[in-house]
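Written out below as structure tokens is the structure these notes cover.
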Amino acid sequence: MASICVVGAGRMGSALARAFLRAGYVTHVWNRTPAKGEALAALGARFVPSLHQAIAASDIVVVNVIDYAAADAHLRSASVTRALGRKLLVQLTSGSPSQARQTGEWAKGHGVGYLDGAIMATPNFIGEPSATILYSGSQHAFDENRDVFLALGGNAVHVGDDFGHASALDIALLSQLWGTLFGTLQAIAVSQAEGIELDAYARYLQPFKPTIDGAVADLVTRARDGRYRGDDQTLAAIAAHYSAFQPLLEVSRERGLNRAVPDAFDSIFKAAIAAGHLQDDFAALTRFMR
Ligand SMILES: NC(=O)c1ccc[n+]([C@@H]2O[C@H](COP(=O)([O-])OP(=O)(O)OC[C@H]3O[C@@H](n4cnc5c(N)ncnc54)[C@H](OP(=O)(O)O)[C@@H]3O)[C@@H](O)[C@H]2O)c1
């Protein structure tokens, strides 16, 4: 069984270390602020105050700190880089695709195996069968250590060789989440301004959800296939959407609501309409997001 070093014992890093301990891995922990690592020692982790010693004692190094700058500040010191040689470095810190690619190239240049991961879960789901973690980089490195990754989440998925792809998917999926959350903020603002109870809003949202999910699925499929023209299968053309969207602008004006979100939607609609897409499918807007 491989021995693991978890670098970072914040909320997520601690959850990762606890999951490794539960799965029976010898787990070394290093954290900038030692007290957090010491708390894990009570659960059986080997807390090592020196990072390069913690890494030297392990086969696989899993990093989860606040950002890549914090990770780099520690991993790229001469003694730590030396200790990493020929081991597998798994970067689970959130970052951009280019940061993942740069770190992957840096690791390769130092003879260190590298996988970049994106954790699509909160700490309470770590180690659960439903927890999804996406990994990119060498398929071989992923397959060889699949059990290690399954200890962190039952849905451990290799998404491609490009080091940046886990992070790119993370950004795309979070965009979906934020779109929904900001849409919900807008819905709450309109409901409250118009005297609709939020419980009632939530009740009417339920039966509308299949329509939302269907429209999202249709949009993704059309974007994949490049089917932007309005056709027999079009659910609603841009003209219909834009007409239904006007009352949101109106109620926002009348009630003095924050217009940042509707104004952003409006600017995208207007750009597409000015370019002659009024009768095209909503999917034609994809061109105006680039
Ligand atoms: N929490 C979540 O639900 C979640 C979900 C998915 C992904 N993530 C990602 O996981 C990472 C950690 O998140 P978290 O929720 O665990 O945050 P957190 O509880 O705030 O922990 C941050 C960790 O980063 C360390 N750190 C911060 N600055 C550092 C520096 N300059 N040098 C060394 N270590 C430094 C902290 O060490 P100290 O203890 O010394 O401050 C701590 O171990 C982030 O990239 C986050 O985006 C989190």
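No hydrogens, no waters, no symmetry mates; every other heavy atom, side chains included, goes into these values. For ligands, and for the atoms within them, numbers begin at 1 and follow the listed sequence. Numbering starts at 1 and runs along the sequence shown.
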How long is the span from the OG atom in S94 to the CG atom in D67, to the nearest 0.5 Å?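 These two atoms lie 9.5 Å from each other.
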Enter the distance from W106:CH2 to T81:OG1 here, rounded to the nearest 0.5 Å.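 Nearest 0.5 Å value for the CH2-OG1 distance: 4.0 Å.
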Strictly under 4.0 angstrom, heavy-atom based: which residues surround ligand 1?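 Heavy-atom contacts below 4.0 Å: G8, A9, G10, R11, M12, N31, R32, T33, K36, N64, V65, I66, A70, H74, T93, S94, I119, A121, T122, P123.
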Is it true that [Y] and [X] share a donor-acceptor pair across their side chains at a distance under 3.5 Å?
{"X": "D281", "Y": "T234", "answer": "yes"}
{"X": "Y201", "Y": "D199", "answer": "no"}
{"X": "S58", "Y": "H28", "answer": "yes"}

Do NZ/NE/NH1/NH2 and the carboxylate oxygens of R222 and D225 come within less than 4.0 Å?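 Salt bridge: no.
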